[in-house]
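Worksheet: one structure, shown below.
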Amino acid sequence: MPTVSVGRDRLFAALGKSYTQEEFEDLCFKFGIELDDVTTEKAIIRKERHLDEEDEEVGDDEEIIYKIEVPANRYDLLCLEGIAQALRIFNEQEQTPTYTLASITQDSMLKMHVQPETSLIRPFVVCAVLRDITFDEASYNSFIDLQDKLHQNICRRRTLVAIGTHDLDTLQGPFTYEALHPETINFVPLKQEKNFRADELMEFYKSDMKLKKFLHIIENSPVYPIIYDSKRTVLSLPPIINGAHSAITLKTKNVFIECTATDLTKASIVLNTMVTTFSAYCQRKFEVEPVKVIYSDGKSNVYPDFSVYNMEVPLSYITGSIGVSLAAEKVTSLLNRMQLRAEHSVFDDNKCNINVLIPPTRSDVLHPCDVMEDVAIAYGYNDIPKRRLPSMKPLPLNQLEDLIRAEIAMNGFTEVLTWILCSYRENFASLNREDDQSSAVIIGNPRSSDFEVCAESSLVMFQKPTMFAWSSWRLAVVRTSLMPGALKIIGHNKDHPKPIKIFEVGDIALLDESKDVGATNRRHLAALYCGTNSGFELIHSLVDRIMEVMGTPFVPIGDNTGYYIQRSNEPEFLPGRQASIIYKGKHFGNFGIVHPQVLNNFVITDPCSFLEIDIEHFLYVGQMVVWRIHCARHVMPEMVILQPRSRRGITGQHLQVLCVLFDNSFS
């Protein structure tokens, strides 16, 4: 977030009160900003110049500087004047000011004529005048600093908006905004004495540390934007530099502000921020003289736009979202402290609405949730009672996932987290699989080179099997298995001491025409063992342990009351050393020794065994899982583990598995 540096003494003078550092930090916290650092002008200069503590070149200025962090969308808080005014209103020392336009006729209004060629480069311009303004050194520096802050923030380093400020008394209206060829533009730029042609100026500023960052915005354009007065005096070459002729000084009394832009909305916000903040220094406070902008097609607009936006927010929405019961009068009082004028109205059905008037300084208020947030800030976050929201109840699938993850971790496996995207090759060819074009969600425009691999097939699937296009694009795919990620981790950790035992619980995606988005997510569990031997018996025992804590008995093939395993023939596993897991009559996973060719594709030199199951099949026994794992952890593990899972009791195979899992502690 932006950080604004302000002099402590000047800030306290503007607030009409002195604070200790702790008191001011507390005030900032209540208002929703933060005192980030306390330093001195001398220390700042020393840091900028990379000087040592004992260096005397920086002078003796020991003014205390507060660095205040403000929200990125609160453009009205980017200078001392804005912060001081907001805090005074928050402390109820003054009311929110009403900003007005000077009452002048259309004929006497300054005019800015926009030429059609500007549409090629920066099509919009907005203007205003601050009359009878009085600057001192501090307010002048703050005026310049606010422009820099806005340029870095909402203006996006002048690419969207560029601000120009001029001494109006040195100029003669009406003004014209044009776009001309660089060789036809000649003027003396700010802080220079020599006359430059625009293309020469580009070369000149390539060595300027500050301005060279903005040259690219117009440098390669066939035309450059330029603003003239009626005598063809150059005001500015936006977004690069102003002309020296109209430079403002401490003695300037009338300031002409123009903002050229590619985004008209942001230009209007920037202009409003500039004029509302510094109209406080004008003889007629908070009054701004408008300027009429006339386009070549005859359309015209008057700026600045001080129209107040009315937003109607139900009281129930505000109080329900915050979790505090507040009277309508209290809510309106809190909003007034946040510079939002508010009134309440009651309808026949006793429903109460809060009518909020959004001033031109609060461009950040876009939705009722912004109004609700301001009420919460003014009320005080620390004063809101803590409560558990009903929506915070965990989903059954997530509860089940957490329990399974904990159980596998207790069996000596380390959890990993891999990308949900992988390359097309990793998902298919590297696993010895073929794309049947009915399962994988393929991304046609991946943004990372990690996921860009040329598809072997020229048929590119997007979301549904019926949607395809011929292409040789470089593709990424949403993983249909957790196996590529696990194998990549092993491949990148070949030097890690063996054995390596890792697991992951995460989502895969499969095409599904029954879904409105054409695909569905499934939550899978994967575990991998890598060592000097395959570790097939350990992966097999992990399957049994998972089913054991789920309360599912091992049954003969064909019995749908529990689970059993049967021979499978998956290409990613070694033939004859793999199996499918059938759970209550449905296939929901596989395990086996990884095929040597697959290991070679991922540059793995040691044998591996892998398990992957779809844990969503367990959901309907979720309550049993909670009970069993709770008992296994907190009561008597030996008794719970050894209790029969069916009328047949524990088989010899289960006892053998238990000995392996618990380091033979029961053998």
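All values reported here derive from a predicted model rather than from experimental measurement.
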Any salt bridge between K210 and D208, counting N to O under 4.0 Å?
-> no
Salt-bridge contact R362-D364 (side-chain N to carboxylate O under 4.0 Å) = yes
Residues in side-chain hydrogen bond (donor to acceptor under 3.5 Å, both in side chains) contact with E94, at least two apart in sequence or another chain = R88
Would you please name every residue forming a side-chain hydrogen bond (donor to acceptor under 3.5 Å, both in side chains) with Y381, sequence neighbours left out?
-> none
Would you say the side chain of [Y] lies within less than 4.5 Å of the side chain of [X], judging by non-hydrogen atoms?
| X | Y | result |
| --- | --- | --- |
| F175 | V125 | no |
| Y177 | Q115 | no |
| V6 | V4 | yes |
| L130 | S279 | yes |
| H151 | I163 | yes |
| R158 | I240 | no |
| T273 | L150 | yes |
| Y295 | F124 | yes |

Under 3.5 Å, which donor-acceptor pairs link side chains of residues 252-260 to any protein atom two or more places apart or in another chain?
| from | atom 1 | to | atom 2 | distance (Å) |
| --- | --- | --- | --- | --- |
| T252 | OG1 | D167 | OD2 | 3.2 |
| T252 | OG1 | T249 | N | 2.8 |
| T252 | OG1 | T249 | O | 3.2 |
| K253 | NZ | I133 | O | 3.2 |
| K253 | NZ | T134 | OG1 | 3.1 |
| N254 | OD1 | D132 | N | 3.0 |
| N254 | ND2 | D169 | OD1 | 3.0 |
| N254 | ND2 | D169 | OD2 | 3.4 |
| E258 | OE2 | H166 | NE2 | 2.9 |
| E258 | OE2 | S236 | OG | 2.9 |
| T260 | OG1 | R122 | NE | 3.4 |

Using every non-hydrogen atom in the two residues, find where [X] and [Y] come nearest and quote the distance to one decimal.
| X | Y | result |
| --- | --- | --- |
| R197 | P182 | CG-O, 3.9 Å |
| L15 | A84 | CD2-O, 3.6 Å |
| T361 | Q339 | OG1-OE1, 4.3 Å |
| G7 | E63 | CA-OE2, 3.4 Å |
| L168 | V129 | CD2-CG1, 3.8 Å |
| L110 | V291 | O-CG1, 3.3 Å |

Does the side-chain contact (heavy atoms from CB on, under 4.5 Å) test come out yes or no for I154 and V161, once each step is laid out?
-> CA-CA 8 Å; I154 184 175; V161 185; 6.0 Å; no
Mind checking side-chain contact (heavy atoms from CB on, under 4.5 Å) for S325 and listing every partner two or more places apart, or none if nothing turns up?
-> none
Sequence neighbours excluded, the answer for side-chain contact (heavy atoms from CB on, under 4.5 Å) partners of T332 is A342, H344, I354
Main chain of [Y], side chain of [X]: is a donor-acceptor contact present, judged purely on distance under 3.5 Å?
| X | Y | answer |
| --- | --- | --- |
| D374 | L335 | no |
| R232 | D229 | no |
| S321 | Y317 | yes |
| E287 | R284 | no |
| R8 | Q21 | no |

Please lay out, stage by stage, how I144 and Q147 fare under the test side-chain contact (heavy atoms from CB on, under 4.5 Å).
-> CA-CA 5 Å; I144 301 300; Q147 294 179 59; 3.7 Å; yes
To the nearest 0.5 Å, how far apart are [atom1] in [X] and [atom2] in [Y]?
| X | Y | atom1 | atom2 | value |
| --- | --- | --- | --- | --- |
| L160 | L264 | CG | CG | 12.0 Å |
| L80 | N141 | CG | CG | 11.5 Å |
| M311 | L357 | CE | CG | 11.0 Å |
| L326 | L315 | CG | CG | 7.5 Å |
| N272 | S363 | CG | OG | 8.0 Å |
| D263 | S268 | CG | OG | 10.0 Å |

Residues forming a salt bridge (Lys or Arg N to Asp or Glu O under 4.0 Å) with R131, sequence neighbours excluded = E289
Enumerate donor-acceptor pairs with a distance under 3.5 Å from any side-chain N or O in residues 298-306 to protein atoms, sequence neighbours excluded.
| from | atom 1 | to | atom 2 | distance (Å) |
| --- | --- | --- | --- | --- |
| D305 | OD1 | S307 | N | 3.1 |
| D305 | OD1 | S307 | OG | 2.8 |
| D305 | OD2 | S307 | OG | 3.4 |

Intermediate values then yes/no, ring pair (Phe, Tyr, Trp, His ring centres under 6.0 Å), F278 and Y281 | CA-CA 6 Å; F278 284 90; Y281 292 113; 5.8 Å; yes
Pairs meeting criterion salt bridge (charged side-chain N to carboxylate O under 4.0 Å, His left out) with involvement of residues 136-146, two or more places apart | D145-K149
Residue set satisfying ring pair (Phe, Tyr, Trp, His ring centres under 6.0 Å) with Y99, at least two apart, ordered chain then number -> F286
Donor-acceptor pairs under 3.5 angstrom involving side-chain atoms of residues 214-226: please list them, not counting sequence neighbours.
| from | atom 1 | to | atom 2 | distance (Å) |
| --- | --- | --- | --- | --- |
| H216 | NE2 | K213 | O | 3.3 |
| E219 | OE2 | K206 | NZ | 3.1 |
| S221 | OG | V223 | N | 3.3 |
| S221 | OG | V223 | O | 2.7 |
| Y224 | OH | E219 | O | 3.2 |

Show which side-chain atoms of residues 27-35 pair as donor or acceptor with protein atoms under 3.5 Å away, not counting sequence neighbours.
| from | atom 1 | to | atom 2 | distance (Å) |
| --- | --- | --- | --- | --- |
| K30 | NZ | D26 | OD2 | 3.3 |

Please tell me whether [X] and [Y] have a donor and an acceptor in their side chains that are separated by less than 3.5 angstrom.
| X | Y | value |
| --- | --- | --- |
| S142 | E81 | yes |
| T105 | S108 | yes |
| T176 | E178 | yes |
| R341 | T98 | yes |
| E312 | N353 | yes |

Contact list for residues 185-211, test ring-ring contact (aromatic ring centres under 6.0 Å, His included), sequence neighbours left out | F196-F204
Counting only heavy atoms not in Q192, do more than 12 sit closer than 6.0 Å to its CD atom?
-> yes
Among H113, M109, K292, the one residue meeting side-chain contact (heavy atoms from CB on, under 4.5 Å) with P174 | H113
